[in-house]
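Notes for the one structure printed next.
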Number of protein chains: 2
Amino acid sequence: MTREDRGRQESWPISALAHELDVSTRTIRYYEELGLILPGRTERGIRFYSRGDRARLRLILRGKRFGFSLDQIREMIELFAEDRTGCMQLMRTIEYGNQKLAEIDEKISELMQLREDILVYKQSFEQKLLEETRRMTDECSSSTSSKWTEISE
Amino acid sequence: MTREDRGRQESWPISALAHELDVSTRTIRYYEELGLILPGRTERGIRFYSRGDRARLRLILRGKRFGFSLDQIREMIELFAEDRTGCMQLMRTIEYGNQKLAEIDEKISELMQLREDILVYKQSFEQKLLEETRRMTDECSSSTSSKWTEISE
DNA sequence: GGCTTAGTTGACGTTAACGTAAACGACAGG
DNA sequence: CCTGTCGTTTACGTTAACGTCAACTAAGCC
């Protein structure tokens, strides 16, 4: 609080951050409303963002790109950002981290499952394409109807 | 359309599906409103869902658990479910599949990045905990303030 | 000084994805 | 016959995550 503008300390206005991370300024202010970021202010009330704030915002956006709601993200950030000194507090925080890691691992495996599903669909179409081209060269039509209903069960 | 209830063909009412997949019946009907599923109907208008419908619904829900909007999911499903016979159509569909696969790969790698971030946070707290316990045994306090702002930059 | 541009707060609008409630029909049990 | 349960449609309510607009201030520029 005593000496917060030393010149060497790099910071950016809201517009720069918005442009860099490709979100609107409104969005950033909204995140502040929810208590997700607390940027610094000049004595005239103008926001400026440290590189820490920037990293934080990036983490928020990354979290958002999956199911995580802003509330869940806030949960994470709060737990990790607070200055927890107590031994029990530390252990609880670490436990929470492990939990989140497990959730993410779950998500990753689910994504890989989704990937597999789509791959199967695609391959069935590649198969179709192969048969199609064969028919065009052979000029002999054999009706093959592979129903999509049997996939991924 | 000619003979759709053969006894051997297994199907479920909406409530069973809702319970199994842990969503409300309203949600399932809403998906139907959007054209994401078209279950069969008895002559009295009661919906019943084939195992294909069930797989489809699972795919929808799985897609939803990440950023995918219902519109995007509809896009996918339509493209894969339609009976595309033309050669060009098949190729376009396959191309679309490749695109989706790439998107998913992107998501996966982003998730792993997020995982890494959280891991780093957690490790910093584990470090803190270690110092804390050391202080408690040593009874000698050395102030170490590791600012969180320097993480993941 | 006047204009433009970038920032602020505050209020209201909007969209997706459902929740909830009303009003109805079919069927089973007592 | 009455009640309850499960299904249907229609319609309106709700919440999160912003968009949009108005009214204002301060800085820079000619």
Side-chain angles (χ1 to χ4, degrees), chain A residues 4-5 7 10-50 53-54 56-78 114, chain B residues 4-5 10-50 53-54 56-78 110 114:
Chain A
E4 50 184 42
D5 45 348
E10 41 195 344
S11 65
W12 301 264
I14 192 170
S15 58
L17 213 65
H19 182 261
E20 181 187 343
L21 300 182
D22 198 41
V23 291
S24 70
T25 60
R26 166 66 174 137
T27 298
I28 299 181
R29 292 200 197 94
Y30 178 62
Y31 291 165
E32 185 176 346
E33 277 183 39
L34 299 188
L36 294 180
I37 20 171
L38 280 105
R41 300 270 190 148
T42 72
E43 82 280 354
R44 241 174 250 89
I46 306 232
R47 285 166 245 248
F48 60 88
Y49 295 81
S50 71
D53 294 328
R54 208 176 82 211
R56 191 161 176 152
L57 192 44
R58 266 216 284 267
L59 198 147
I60 296 173
L61 295 176
R62 188 174 298 141
K64 263 215 54 188
R65 256 166 244 142
F66 322 97
F68 297 125
S69 74
L70 292 180
D71 247 39
Q72 291 176 30
I73 294 174
R74 198 236 313 262
E75 229 186 0
M76 296 196 221
I77 287 187
E78 275 181 1
L114 181 60
Chain B
E4 50 183 42
D5 45 348
E10 40 197 345
S11 65
W12 301 265
I14 192 171
S15 59
L17 213 66
H19 182 260
E20 181 187 342
L21 300 182
D22 199 40
V23 292
S24 70
T25 60
R26 166 67 175 136
T27 299
I28 299 182
R29 292 199 197 95
Y30 178 63
Y31 292 165
E32 187 177 344
E33 277 183 40
L34 300 188
L36 294 180
I37 20 170
L38 279 105
R41 299 270 188 147
T42 73
E43 83 280 355
R44 239 175 251 87
I46 305 230
R47 286 166 245 247
F48 60 87
Y49 296 82
S50 71
D53 294 329
R54 207 177 84 213
R56 191 161 176 152
L57 192 45
R58 266 217 284 268
L59 198 148
I60 296 172
L61 294 175
R62 188 175 299 139
K64 265 214 54 189
R65 255 166 245 141
F66 322 95
F68 298 123
S69 75
L70 291 181
D71 248 38
Q72 291 176 31
I73 294 174
R74 199 237 310 266
E75 229 186 0
M76 297 194 218
I77 288 189
E78 274 181 2
E110 264 197 285
L114 181 60

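To find a chain, count down the sequence lines: A is the first, B the second, and so on, and within it residues start at 1. Just so it is clear, the structure is predicted and the values come from calculations on it, not from any experiment. Scope of the values below: all heavy atoms of this structure, side chains included, with no hydrogens, waters or symmetry mates.
In this structure, OH of B/Y30 is placed 5 Å from P of C/dA17, rounded to the nearest angstrom. The CD-C1' distance, from A/E43 to D/dT25, rounds to 14 Å in whole Å. Distance A/R65 CZ to D/dC18 P: 12 Å, rounded to the nearest Å. Taking atom CZ of residue B/R29 and atom P of nucleotide D/dG7, one finds them 8 Å apart after rounding to whole Å. Distance, A/R74 CZ to D/dA17 C1': 14 Å, rounded to whole Å. Rounded to whole Å, atom P of D/dA16 lies 13 Å from atom CD of A/E33. Between the CG atom of A/L70 and the C1' atom of D/dT15 there is a distance of 12 Å, rounded to whole Å. B/I46 has its CD1 atom 13 Å from the C1' atom of C/dC24, to the nearest Å.
Across D/dC18, C/dA26, C/dG7, the shortest atom-to-atom separation from the side chain of B/R44 is found for C/dA26. Nearest to the side-chain atoms of A/K64 among the listed nucleotides D/dC18, D/dA27, C/dA17 stands D/dC18.
Atom CZ of B/R74 and atom CG of B/D71 lie 5.0 Å apart (nearest 0.5 Å). We find the CD-CG distance between B/E32 and B/D53 to be 9.5 Å, quoted to the nearest 0.5 Å. The CG atom of A/L17 sits 8.0 Å away from atom CH2 of A/W12, with the distance rounded to the nearest 0.5 Å.
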**OP:** May I have the step-by-step check of side-chain contact (heavy atoms from CB on, under 4.5 Å) for A/R29 and A/E33, ending in yes or no?
**Re:** CA-CA 6 Å; A/R29 292 200 197 94; A/E33 277 183 39; 5.5 Å; no
**OP:** Using the side-chain contact (heavy atoms from CB on, under 4.5 Å) rule, take B/Y31 and B/I60 through it: C-alpha gap first, then chi angles, then the decisive distance, then the call.
**Re:** CA-CA 9 Å; B/Y31 292 165; B/I60 296 172; 3.9 Å; yes
Subject >> Trace of the side-chain contact (heavy atoms from CB on, under 4.5 Å) decision for A/F68 with B/L114 >> reply: CA-CA 12 Å; A/F68 297 125; B/L114 181 60; 3.9 Å; yes
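Residues from residues 14-26 of chain A with heavy atoms under 4.0 angstrom of DNA chain D, sorted by number: A/S24, A/R26.
B/R56 contributes no side-chain N or O that, together with a main-chain N or O of B/L38, makes up a donor-acceptor pair within less than 3.5 Å.
One finds no side-chain N or O of A/Y31 lying less than 4.0 angstrom from the OP1 or OP2 phosphate oxygen of D/dA17.
Within 4.0 Å (heavy atoms only), B/L34 reaches no atom of the nucleic acid at all.
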